[in-house]
Amino acid sequence: MSPSDSVGRPTLAVVTVTYSPGEHLEHFISTLATATSEKPQVILADNGSNDGVPELVADANEHVRLLRTGGNIGYGGAINRAVAEIDPDIEFIVISNPDIRWGTDSIDILLEAAKRWPRAGAIGPMVLEPDGSTYPSARSVPGIADGAGHAIFGTIWPGNPWTQKYRQDNAAISERTVGWLSGSCLLVRRAAFDSIDGFDSRYFMYMEDVDFGDRMGKAGWHNVFVPSAEVTHAKGHAAGKHPETMLPAHHASAYRFQADRHPHWWQAPLRVALKAGLAIRCKLAVRSALRERDRACRLEHRE
């Protein structure tokens with residue numbers, strides 16, 4: 001069934017943020033053709049690509065529009081900029097990373113779910129890793145305790161109770177409401193998006209989807225996980241190349257999320273402890289990531 005109304009006007013648009021996406025963007029566009037029965041307008045919110053790929057893809061596809069944001073304004077800011085360009089009458093917007101490959105009928109399945117969940121503000125598919133394993137894309141909103149526990153022990157003790165609670169590792173794979181959904185791929189109801197003023201552009205990268213889902217829930221909308229729709233996420237094609245900038249951004253966003261939710265004067269010691277703990281963890285994470293990147297480069301050169 002087409003997601004167009006009876007007059008034939010589209011009710012769907014697709015937005016992605018590009019930053020030198022390479023070959024990923026071409027796969028994004030080619031597999032999108034099998035994800036929905038409509039051929040929606042696609043907006044590439046470009047944050048300063050220098051590989052020429054967004055221009056090539058936009059030139060080759062009449063339904064794809066390149067929107068230059070004027071610089072690297074972050075993921076959430078770029079999404080907001082693109083959504084502002086979309087006709088307000090379009091009811092649904094797909095927000096996605098450019099390194100997504102769409103499963104057959106995946107968007108149409110999400111649109112069908114939207115009919116079953118009229119208070120669904122955001123609907124997310126099953127997100128698969130390139131090796132076919134499942135990425136935990138539907139999670140609970142982290143409180144200060146489970147958020148800190150996951151941050152500290154997540155990599156050295158994966159089975160810790162805080163990480164399991166946050167990632168919902170033991171939850172049944174079923175269509176259900178969750179705290180938040182991965183921003184790598186979302187179907188968003190325009191009315192819900194507008195009601196919370198979209199993404200918080202203070203989050204340059206990371207945690208913007210956690211904040212988005214949390215605010216969506218607080219505004220009375222549902223975040224709904226629909227595992228019958230599947231996409232594959234290459235994950236981290238930009239972030240993995242520059243851990244020295246991306247990891248600090250991740251930790252800064254984690255601090256902002258909790259600080260915003262613990263703003264009172266009497267919570268100041270908590271914020272100080274959180275900031276110090278995240279700073280130490282960030283330094284260790286960057287050091288480890290740089291060592292791993294250097295090791296991978298040496299192995300590649302040997303081959």
Side-chain angles (χ1 to χ4, degrees), residues 74-76 79-80 95-97 110 113-114 117 119-127 134-155 157-189 191-227 233 235 249-264 267 270-271 273-275 277-278 281:
Y75 185 78
I79 291 293
N80 292 345
I95 296 169
S96 176
N97 286 3
L110 296 178
W117 298 84
R119 289 301 298 172
I123 303 173
M126 173 84 75
V127 179
T134 301
Y135 175 74
S137 61
R139 308 188 187 189
S140 63
V141 175
I144 193 71
D146 48 314
H150 169 68
I152 295 169
F153 297 109
T155 54
W157 179 19
N160 74 80
W162 303 283
T163 294
Q164 288 193 358
K165 179 183 177 184
Y166 168 55
R167 288 166 49 114
Q168 299 281 282
D169 284 340
N170 297 323
I173 298 178
S174 60
E175 186 169 303
R176 67 187 192 277
T177 58
V178 297
W180 66 278
L181 297 153
S182 170
S184 64
C185 185
L186 290 173
L187 175 73
V188 175
R189 202 180 296 270
F193 186 94
D194 288 346
S195 74
I196 64 170
D197 296 322
F199 285 92
D200 186 339
S201 59
R202 294 178 304 157
Y203 291 87
F204 177 77
M205 192 173 186
Y206 302 113
M207 297 294 290
E208 71 284 328
D209 46 5
V210 187
D211 173 81
F212 182 81
D214 186 37
R215 288 188 294 113
M216 189 74 76
K218 288 176 177 175
W221 298 94
H222 296 310
N223 297 284
V224 179
F225 176 52
V226 181
H233 186 202
K235 212 173 115 182
H250 192 177
H251 286 77
S253 292
Y255 173 76
R256 181 182 296 282
F257 179 83
Q258 293 297 346
D260 281 353
R261 286 152 180 81
H262 300 85
H264 304 293
Q267 293 171 318
L270 181 65
R271 294 194 298 273
L274 179 64
K275 194 167 194 175
L278 285 171
R281 184 181 185 274

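Basis for what follows: all heavy atoms, side chains included, without hydrogens, waters or symmetry-related copies. None of the values given here were measured: they were computed from a predicted structure.
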Could you tell me which residues satisfy side-chain hydrogen bond (donor to acceptor under 3.5 Å, both in side chains) with Q267, sequence neighbours excluded, listed by chain and number?
none
CZ of F212 to OH of Y203: how many Å apart, nearest 0.5 Å?
13.0 Å
Would you please test R176 and V224 for side chain to side chain contact (heavy atoms under 4.5 Å, CB included) and show each step?
CA-CA 6 Å; R176 67 187 192 277; V224 179; over 6 Å; no
Restricting to side-chain hydrogen bond (donor to acceptor under 3.5 Å, both in side chains), what partner residues turn up for S201, sequence neighbours left out?
none
Under 3.5 Å, is there a donor-acceptor pair between the side chain of R189 and the main chain of I123?
no
Taking L181's backbone N and O only, do any of them form a donor-acceptor pair with N223's side chain (distance below 3.5 Å, no angle check)?
no
Contacts of R202 meeting salt bridge (Lys or Arg N to Asp or Glu O under 4.0 Å) (sequence neighbours excluded), chain-then-number -> D200, D260
Rounded to the nearest 0.5 Å, what separation is found between the CZ atom of F225 and the OG atom of S137?
4.5 Å
Taking the six-membered ring of W221 as reference, does the cationic atom of R119 (NZ for Lys, CZ for Arg) lie under 6.0 Å from its centre and within 45° of its axis?
yes
Using only atom types and a distance under 3.5 Å, with no angle test, would you say the side chain of R271 pairs donor to acceptor with the backbone of H264?
yes
Rounded to the nearest 0.5 angstrom, the NE2-CH2 distance for H222 and W117 is 6.5 Å
Who passes ring pair (Phe, Tyr, Trp, His ring centres under 6.0 Å) against Y75, sequence neighbours left out?
none
Okay, side chain of D209, backbone of S182: is any donor-acceptor separation there less than 3.5 Å?
no
Does some side-chain heavy atom of S184 sit less than 4.5 Å from a side-chain heavy atom of N97?
yes
Who pairs with R256 by side-chain hydrogen bond (donor to acceptor under 3.5 Å, both in side chains), at least two apart in sequence or on another chain?
none
Any donor-acceptor N/O pair, W180 side chain to S140 backbone, under 3.5 Å:
yes
Kindly give the heavy-atom pair with the smallest separation between P125 and C185, and that separation in Å.
CD-O, 3.4 Å
Residue pair P227 / M126: nearest heavy atoms and the distance that separates them
O-CB, 3.6 Å
Using the salt bridge (Lys or Arg N to Asp or Glu O under 4.0 Å) criterion, which residues pair with D211? Sequence neighbours excluded.
R215, R261
Minimum heavy-atom separation for M205 and E208, please, with both atom names.
C-OE1, 3.4 Å
